[in-house]
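Sharing a structure here in structure tokens format.
Letters A, B, ... are given to chains in the order of the sequence lines, protein chains preceding strands, and every chain is numbered from 1. Quick note: numbers below take in every heavy atom, side chains included, and nothing from hydrogens, waters or symmetry partners.
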Amino acid sequence: MAWTRKLLRVNLTNGTVAEEGLNMGWANDYLGQRGLATRYLVDEIDPQCDPLGPDNKLIMATGPLTGTNASTAGRYSVICKSPLTGAVACSNSGGFIGAEMKMAGWDMVIFEGKAASPVYLHIVDGVAKLEPADDLWGKSVWEADKALHAKFQDPQTRIALVGRSAEQGCLYAAVVNDLHRAAGRSGVGTVMASKNLKAVAIRGTQGVGNIEDPKKFMETVKAGKAVLAENAVTGQGLPTYGTQVLMNVINEVGALPTRNMREVQFEGASKVSGEAMHEPRKSDGKKNLTTNGACFSCTIACGRISTIDRTHFSVKDKPEYWINSGGLEYEAAWALGPDTGVDDMDALTYANFLCNEDGMDPISFGSTVAAAMELYEIGAITDSHTGGMELKFGSAEALCWAAEKVAKGEGFGKDLGLGSKKLCEKYGHPELSMTVKGQEFPAYDPRGMQGMGLAYATSNRGACHLRGYTAASEILGIPEKTDPLHTEGKPGLVKAFQDATAAVDSSGLCVFTTFAWTLDDIAPQVDAACEGDWSPDRMLEVGERIWNMERDFNMKAGIAASEDTLPKRLLSESANSGPAKDRVCDLDKMLPEYYAARGWSSDGSITSETRQKFNLPG
Amino acid sequence: MQKSLHIDPGKCTGCLQCESACSLENEGLFNPAKSRIKVFTFHEEGRFVPYTCTQCDEAWCMQACPVDAITLNPENGSKDVNADVCVGCKVCTIACPFGTINYNASTGKVVKCDLCGGDPQCAESCPTGAITYIDSDATGLDKMRAWASKTDNAGA
Ligand code: SF4
Ligand code: SF4
């Protein structure tokens with residue numbers, strides 16, 4: 001079992017909440033979380049609907065392992081149609097709220113319609129109520145979280161919220177939970193705010209049981225934990241440096257996109273690296289990093305808890321930021337740092353705090369600022385647009401200013417909130433937008449990592465590292481080493497990563513476990529917890545089914561296969577330094593083979609055989 | 001040898017594995033809300049602090065109980081609540097200076113840590129060594145060693 005077999009349907013238009021049984025037939029085919037919630041979305045919304053209109057739905061979903069003591073079993077996902085890409089959005093978050101939802105007795109919550117005025121949903125075990133949130137609207141995530149905790153007088157309530165950026169229509173707004181964890185990508189927070197839903201507060205005291213074979217479950221969980229503890233990445237690298245362990249590594253291999261992806265190596269990388277977060281700073285002798293923190297049930301604990309130097313220009317007059325909060329992880333540090341050319345760790349940490357405080361996806365935010373800096377450099381954006389702020393590459397002041405503006409949706413922050421694609425279109429240079437399907441790139445340059453190029457081009461939510469992380473193989477040799485500069489074998493590798501990840505994202509576990517775990521470690525835990533037979537092969541099949549379903553939704557939403565591509569810069573401007581010097585991303589060498597491996601036509605459409613094989617809806 | 005739970009907050013990451021393990025042992029479910037050990041997060045200070053009963057020798061709760069429902073377990077030194085005897089008067093929860101014995105409204109009895117009968121599951125499950133179950137007479141040894149290692153005898 002492991003599922004609670006219950007979902008909560010919240011109709012915001014009518015102000016009603018209702019309990020529903022979980023569709024267990026679908027759970028068998030799609031497992032949970034990403035897969036299962038997307039199955040519901042596909043069933044319930046028109047793919048062509050306006051993402052910010054009342055016809056879009058927003059689903060918060062846990063996996064069958066969420067809330068158990070399997071390592072990292074605290075994940076939940078937010079699923080809807082994305083306002084940034086028009087594609088399916090599915091953003092995964094850790095922290096504690098996913099487990100809390102399960103403890104309260106719910107596998108998922110489906111929000112539909114739109115409230116007439118701001119509301120929040122308050123769940124205490126089996127009882128769910130919509131409450132007015134007029135007094136919370138206009139408050140940051142941190143302020144509103146504080147206000148709600150004070151109101152409930154219950155520190156154990158877990159809360160997910162949207163910030164002011166989402167309220168102001170920033171297209172890459174996140175849903176932030178537990179103050180510094182976020183369902184970050186594709187504007188899921190924007191959708192939540194468009195429904196006038198400010199927050200979801202949950203207290204669950206019923207616990208998670210329903211384990212199919214408890215004895216076997218405890219054994220497999222224990223074995224899994226041992227594998228994570230003994231692995232160099234999950235046992236040492238991530239706890240010590242977090243994902244920031246990658247900054248120097250990726251720079252060395254010449255795949256660290258720099259200054260809006262014009263270059264592939266950043267001279268200031270070491271200053272904003274995981275190692276640098278451990279170095280005592282001059283002013284007060286403290287390190288940027290205070291400690292590492294875990295999400296629910298996680299034995300890896302990659303999370304960073306950091307402080308900003310109090311003497312830094314960004315906070316010296318703002319004691320409210322002299323606190324510890326969520327620090328830099330690699331993708332955020334890259335987007336805020338190398339991509340904007342800024343090498344000031346405190347400025348990055350401040351911008352990151354603001355991204356958490358007001359719910360912006362730091363990847364999209366940083367990349368959009370980088371695009372704006374290039375537009376400024378060529379004179380397409382001028383001081384008259386920015387109100388006098390010099391948006392220069394490398395300017396820490398400009399970065400911090402931009403974060404403040406987008407957070408509150410003020411002035412030029414409105415333009416920056418459009419995301420890189422619409423910003424570059426607005427200022428007449430669409431070619432400068434480093435996006436796929438409208439979503440900004442993460443921190444691996446496809447010229448120095450060919451497989452990631454294919455993974456970005458074919459990702460179902462636009463450019464994304466978490467849909468098929470071939471960097472694991474190309475750089476870290478997991479599960480085996482492939483040459484980052486070669487295209488051979490990459491189509492199969494990308495597909496394998498995409499399918500496995502879709503399954504992991506549907507289980508309740510964190511994808512970071514896959515630095516150490518394969519499906520041979522994961523499937524036995526799922527199998528022991530859930531009824532039925534969950535072999536690694538079945539997990540893969542479920543993953544592939546999910547992938548095809550997402551693709552199918554996107555095509556019905558009007559996203560053509562011709563969008564399986566990369567910005568011209570990456571296909572035609574070669575890398576200017578490092579091991580990838582003189583290389584472009586050879587996407588055309590990989591894409592046809594990828595389509596074939598997927599069982600799709602050469603034009604990228606899903607064949608009827610493949611539809612049948614996976615019994616795709618509709 | 002008598003053993004005690006030894007807590008080193010500096011190592012804790014706030015993962016709540018200990019709370020899950022405790023609730024599983026005592027309630028048969030993964031349910032941190034019902035855990036006897038609690039991990040407190042002081043977010044703005046960047047600190048996680050696990051907290052539970054230290055099994056006082058002259059336990060306030062045991063002395064306060066009017067019906068002698070709390071007794072000493074001679075095997076491991078824990079003070080255990082006998083649920084059949086407990087009348088739910090909550091006097092022990094007032095007497096305990098640390099707040100580590102609590103009323104459970106669903107059963108009408110109090111609950112506290114009983115060291116899982118000598119095999120505390122929180123310590124067993126903790127991935128970081130923040131909770132260990134060690135010789136009661138030597139819980140300071142690690143700290144002593146850490147300080148000792150800082151002693152500079154180079155010039156001696
Ligand atoms: S590995 Fe990191 S992100 Fe994943 S569950 Fe653990 S702490 Fe959270
Ligand atoms: S299991 Fe250990 S690290 Fe995790 S919360 Fe408990 S004491 Fe802290």
| message | So for A:Thr68, is it side chain, backbone, both, or neither that comes closer than 4.5 Å to the heavy atoms of chain B? | response |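 Both backbone and side chain.
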| message | Need one label for A:Ile323: side chain, backbone, both or neither, based on atoms under 4.5 Å from any heavy atom in chain B. | response |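 Both backbone and side chain.
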| field | Segment of A:Gln206 engaging chain B (4.5 angstrom heavy-atom cut-off) | value |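 Backbone only.
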| task | Under 4.5 Å heavy-atom distance to chain B, tell me which part of A:Ala70 shows up: side chain, backbone, both or neither. | result |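 Only the backbone of A:Ala70 comes within 4.5 Å of chain B.
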| task | Pick one of side chain, backbone, both or neither for A:Leu179, based on which atoms fall under 4.5 Å of a heavy atom in chain B. | result |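 The side chain, not the backbone.
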| Between A:Arg203 and B:Ala33, what is the shortest heavy-atom contact and its length? |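 Shortest heavy-atom separation between A:Arg203 and B:Ala33 comes out as NH2-CB, 3.7 Å.
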| Donor-acceptor contact present, side-chain B:Asn31 to main-chain A:Met103, <3.5 Å |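 No, the answer is negative, given that no donor and acceptor are paired below the 3.5 Å cut-off.
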| message | Just to be sure I understand the criterion: a residue of residues 103-141 of chain B counts if one of its heavy atoms is under 4.5 Å from a heavy atom of chain A. Which ones qualify? | response |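 The list, in residue order, reads B:Glu124, B:Pro127.
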| Part of B:Lys38 lying under 4.5 Å from any heavy atom of chain A |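 The side chain, not the backbone.
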| task | Compare every heavy atom of A:Thr205 with every heavy atom of B:Lys34, then report the nearest pair and how far apart it is. | result |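 Looking at all heavy atoms of both residues, the closest pair is NZ-O, 3.7 Å.
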| So which heavy atom on B:Ser20 is nearest to which on A:Asn69, and how close? |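 That closest heavy-atom pairing would be CB-CB, 4.1 Å.
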| Where on A:Ser297 is there a heavy atom nearer than 4.5 Å to chain B: the side chain, the backbone, both, or neither? |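 Both the backbone and the side chain of A:Ser297 come within 4.5 Å of chain B.
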| task | Check whether A:Lys222 gets within reach of chain B through its side chain, its backbone, both or neither, counting any heavy atom under 4.5 Å. | result |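 Looking at A:Lys222, just its side chain touches chain B.
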| Leading residue by heavy atom contact count with chain A [cutoff under 4.5 Å; candidates B:Thr13, B:Leu29, B:Thr41, B:Leu16] |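 Option with the top pair count is B:Thr13.
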